Protein chains: 2
Amino acid sequence: MLHNRPKDLQETSEASRVLQAIRQIVSEGLLPSDGRLPTERHLAAELEAGRASVRRALDTLEAEGLIWRKQGKGTFAGQPPDPTEELAAQIASDVDPLSAMEARLCIEPALADLCARRATADDVARLRKLAERTHDAEGSDSAEIWDGALHHAIARIAGNRLMLTAFTLIDEVRMGDDWQEKRHRARTPETRAFYDAQHQKIIDAIHARDGTAAANAMREHLETLFDNLRKSMEGRP
Amino acid sequence: MLHNRPKDLQETSEASRVLQAIRQIVSEGLLPSDGRLPTERHLAAELEAGRASVRRALDTLEAEGLIWRKQGKGTFAGQPPDPTEELAAQIASDVDPLSAMEARLCIEPALADLCARRATADDVARLRKLAERTHDAEGSDSAEIWDGALHHAIARIAGNRLMLTAFTLIDEVRMGDDWQEKRHRARTPETRAFYDAQHQKIIDAIHARDGTAAANAMREHLETLFDNLRKSMEGRP
DNA sequence: GGATCAAACCAATCGTTCATTGGTTTAGCC
DNA sequence: GGCTAAACCAATGAACGATTGGTTTGATCC
């Protein structure tokens with residue numbers, strides 16, 4: 001409770017006072033295990049503020065990605081949950097690497113296209129940073145992870161929730177199991193240099209806002225991956 | 001009703017009599033659109049048999065894969081549904097009609113392509129039958145359903161589990177609600193004739209095993225749907 | 001005795017209702 | 001302009017009852 005707020009010390013506005021108070025609640029571990037915050041009405045009463053002020057503060061925190069809200073449900077700390085993983089686990093058993101690649105070849109060029117048409121300057125900068133990380137990665141493991149992050153970022157920037165979910169589904173299944181090893185074998189120093197160049201080409205097209213070129217570059221990239229995967233598989237089935 | 005069953009002709013047992021009767025109900029198209037069978041109690045009364053006999057018959061049909069049952073829900077013809085619906089229901093809230101159409105434009109042409117390369121003669125025959133049903137459908141509701149079944153069949157024949165799941169995801173979200181009404185307005189007698197012709201074109205391409213043509217025909221079909229949806233939306237937002 | 005039926009009960013599901021919660025608007029107060 | 005208070009909307013969830021498949025029991029009929 002903050003009942004003893006001195007009325008004469010109003011150097012900071014009501015808005016920032018409330019924001020600070022809620023931010024403290026969130027950052028400290030003072031929440032139930034599900035991360036649920038008190039209701040807006042409750043917070044308003046507790047902080048002796050109006051609901052509008054509380055909501056403005058929550059708006060800020062939501063924009064910062066620290067909380068997420070759902071009408072009729074509540075306000076929660078952290079990121080909104082992604083139910084995709086569960087579904088991916090369920091269907092992973094009857095999906096083989098080739099059909100996963102087929103699916104990627106279908107959806108990722110389209111995502112690159114949308115990405116090129118919707119990316120902001122910030123987005124492009126973030127992609128370049130990810131490509132750099134992929135390039136600089138030491139081990140094959142690490143390179144895989146940054147490569148995945150790059151593809152995922154492109155999917156997110158594309159700005160279509162359904163297609164992002166479809167991509168995530170494919171990605172989860174792909175990361176799932178088994179063929180991890182096969183892909184590892186398919187990633188040699190030579191292919192890595194090749195992949196880096198293709199990533200550059202994709203990002204350049206996105207930077208140039210050329211959706212068609214981005215889609216083509218992505219398709220080319222995936223075809224390369226596909227070929228290498230096939231080679232690696234027919235060698236040792 | 002089978003009230004006039006002669007008591008003296010008991011060459012076949014009660015069990016097989018009930019089984020035959022229910023099998024007929026399932027195989028004929030005497031079910032509501034969702035494939036729901038009458039309740040066990042209802043069937044028992046209708047067939048003048050006990051519930052136990054009806055259940056034994058349903059056990060057989062379930063073992064044959066012709067029906068599936070769920071406690072508290074009912075008995076249905078066909079196969080049990082995917083776990084995809086759950087995911088669809090969860091993300092349906094933040095998907096708008098336009099982005100759903102965007103996703104369809106991405107995935108369905110690719111599915112048509114794969115379908116053309118993998119469909120058997122039986123598959124093509126089934127597609128033609130569905131297109132016919134769509135054409136003959138009386139109401140706008142009914143046409144929607146058969147249209148959906150046609151697109152779903154193409155996705156299934158394409159033979160890629162991941163892409164089928166992605167399609168089902170989009171389809172479930174699309175069928176969810178809200179915009180149902182908008183799509184209804186977009187479906188007029190003129191557009192329906194147009195759609196029928198486009199369906200024909202798609203199936204012809206599949207029949208000819210021409211993947212590229214099938215994809216293009218599908219894309220054209222979806223573009224038409226997209227345009228009509230947009231018109232219908234801007235008219236009354 | 002085997003098969004069948006009637007009845008009763010259990011458990012899962014669905015539709016409805018109602019309270020809760022975030023989302024939004026309006027009016028009034030410094 | 002910033003803030004509060006109040007009222008309303010829309011979405012969610014908990015609770016209840018009705019429905020439906022799942023199961024058991026005992027009676028009935030060849």
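Just so we're on the same page: letters track the sequence lines, and every chain starts at 1. None of the values given here were measured: they were computed from a predicted structure.
Taking only side-chain nitrogens and oxygens, A/Lys70 comes nearer than 4.0 Å to OP1 or OP2 of D/dT12. One finds a side-chain N or O of B/Thr75 lying less than 4.0 angstrom from the OP1 or OP2 phosphate oxygen of D/dG21. Checking the phosphate oxygens (OP1, OP2) of C/dT20, no side-chain nitrogen or oxygen of A/Thr39 falls inside 4.0 Å. For the OP1/OP2 pair of C/dT4 and a distance below 4.0 Å, the side-chain nitrogens and oxygens of B/Arg56 include at least one atom meeting the criterion.
Here B/Arg56 does not pair with B/Asp59 in a salt bridge; the nearest charged N to carboxylate O distance is not below 4.0 Å. Ionic pairing of A/Asp113 and A/Arg117 is present here: one or more N-O contacts between side-chain nitrogen and carboxylate oxygen are shorter than 4.0 angstrom. Comment: B/Arg118 engages A/Glu102 in a salt bridge, judged by a side-chain N to carboxylate O separation of less than 4.0 angstrom.
Nearest nucleotide to the side chain of B/Arg69, out of C/dC5, D/dG22, D/dT4: D/dG22. The side chain of A/Ala49 has D/dT4 as its nearest neighbour among D/dT4, D/dT12, D/dG21. Residue B/Gln71 places its side chain closer to C/dA11 than to any other of C/dT21, D/dC3, C/dA11.
Protein atom CD1 of B/Ile67 is 11 Å distant from nucleotide atom C1' of D/dG21, rounded to whole Å. Rounded to whole Å, atom C1' of D/dA7 lies 15 Å from atom CD of A/Glu40. To the nearest angstrom, C1' of D/dG22 lies 16 Å from CH2 of B/Trp68. Atom-to-atom, CG of A/Leu47 to C1' of D/dT4 comes out at 14 Å; the value is rounded to the nearest Å. In this entry the distance linking CG of B/Leu43 with C1' of D/dG21 reads 12 Å, nearest Å. Distance CD (B/Glu46) to P (C/dC5): 15 Å, rounded to an integer number of Å. Nucleotide D/dT19 holds its C1' atom 12 Å from the CZ atom of B/Phe76, rounded to whole Å. In this structure, CZ of B/Arg55 is placed 15 Å from P of D/dT25, rounded to the nearest angstrom.
Taken from CG in A/Leu127 to CG in A/Asp123, the straight-line distance is 7.0 Å, to the nearest 0.5 Å.
Residue-to-nucleotide contacts include a donor-acceptor pair under 3.5 Å from the side chain of A/Arg41 to the base of C/dG22. Put simply, the side chain of B/Arg51 and the base of D/dG22 share a donor and an acceptor less than 3.5 Å apart.
Within the nucleic acid shown, B/Gly72 comes within 4.0 Å of at least one base atom, counting heavy atoms only.
Among B/Arg174, B/Glu108, B/Arg156, the single residue meeting the side chain to side chain contact (heavy atoms under 4.5 Å, CB included) criterion with B/His151 is B/Glu108.
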